[in-house]
Amino acid sequence: MASLTNAVLIEPTFSMYRKCLNAHKRRILSLDLNDDFTLDLDMVQDALDGSNEVVFLCSPNNPSGNQFSRDEVRTLLESTSGFLVLDEAYVEFSGESLVGMTKEYQNLIVLRTFSKAFGIAGLRVGYAVMNRKLAEKTRSTLLLPYPVCTVSLKVAMILLERYEEVSQSRADVQRTREQLCQELRKLPDITVYPSVTNFLLLEVTQPSRLLVESMQQLGIKIRDVEWVNTGRNLVRVTVPPYDELNRVVGCFKEVLIQ
Ligand SMILES: Cc1ncc(COP(=O)(O)O)c(C=O)c1O
């Protein structure tokens, strides 16, 4: 395997990639998503310079909540001379995984986790899917002797056996997300970005910190996306349980229509 040079981040995205790459002193090439968090494929293609880079792409993306298309991912895979690491942490909420493309592309590594739809973030179970040759190489060169706690693995296996229930709760999230989206879009001074995850990214005209504080006073915790550092007023709201939906929407109304 030729040595890998740049790590390419397509941002804003999950902030741990930048932190980990910095900790490993990797050179980062940061490429911006468009203002509406879609991908500027031409720009990304131009930036990939054949230097065996590793491109990190979260799809669905955090914090934007959108998923990139199969064709976009295919174009990236065919544009890089290195690897594409596709983080599908939220894919259970969207329904369309590209994991099958690992059969077709030797340079695709898909990351999945039990932290989101399966709800066991604290147990730290995740996995990577890639072609057999690369998996064997990764296993022999990188894998620690006891990479995952046995209890965590056992719980993950029980959850897989109860996949029907997980699917039901995923369907509930999808239904509630669509209603939350519709209701929030009726409110003034707010942009609700399309999401296929269990959260929505909102852009407001008032300072995001004020919105977070006002909602907190009403007992609703939303997250200031200040780490995206765009100077924009972005907040992230988790899709609530269905029976909390009206209360959450009511609080947004109270804060935004004053
Ligand atoms: C895109 C993305 N990938 C991965 C993770 C973390 O996954 P894990 O708990 O498996 O480390 C997160 C958590 O917020 C995330 O947003």
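Counting starts at 1 for both ligands and their atoms, in listed order.
Using a 4.0 Å cut-off between a side-chain N of Lys or Arg and a carboxylate O of Asp or Glu, Glu203 and Arg232 qualify as a salt bridge. Under a 4.0 Å N-O distance rule, the pair Glu183/Lys186 qualifies as a salt bridge.
Atom 16 (O) of ligand 1 has as its closest protein heavy atom Asn62 ND2, 2.7 Å. The shortest contact between atom 10 (O) of ligand 1 and any protein heavy atom is with Thr113 OG1, 2.6 Å. Atom 3 (N) of ligand 1 has as its closest protein heavy atom Asp87 OD2, 2.6 Å. Looking from atom 14 (O) of ligand 1 to the surrounding protein, the closest heavy atom is Lys116 NZ, 2.8 Å. Atom 12 (C) of ligand 1 has as its closest protein heavy atom Phe14 CZ, 3.3 Å. Nearest protein heavy-atom contact of atom 11 (O) of ligand 1 is Arg124 NH2, 2.8 Å. Annotation: atom 9 (O) of ligand 1 to nearest protein heavy atom, Ser115 OG, 2.6 Å.
The CG atom of Leu9 lies 12.0 Å from the CZ atom of Arg26; values are rounded to the nearest 0.5 Å.
Screening residues 245-258 for salt bridge (charged side-chain N to carboxylate O under 4.0 Å, His left out) gives Glu244-Arg247 as the qualifying pairs, with residues at least two apart or on separate chains.
Residue Ala89 touches ligand 1 through its side chain alone, judged by heavy-atom distances below 4.0 Å. For Tyr90, every heavy-atom contact with ligand 1 shorter than 4.0 Å involves the side chain, none the backbone.
Classified by interplanar angle (parallel below 30°, tilted 30° to 60°, perpendicular above 60°), the ring pair Tyr17/Phe14 is perpendicular. Using bins of under 30°, 30° to 60° and over 60° for the plane-to-plane angle, the ring pair Phe118/Tyr163 lands in the tilted bin.
Not a single N or O atom of Tyr17, backbone or side chain, sits closer than 3.5 Å to an N or O atom of ligand 1.
For the pair Cys58 and ligand 1, a heavy-atom separation below 4.0 Å is found. By the 4.0 Å heavy-atom criterion, Met16 is excluded from the residues contacting ligand 1.
Asp87 places a side-chain N or O within donor-acceptor distance of the main-chain N or O of Ala89, the cut-off being under 3.5 Å.
Cys181 pairs with exactly one of Thr176, Leu202, Val192, Val239 by the side-chain contact (heavy atoms from CB on, under 4.5 Å) rule, that one being Val192.
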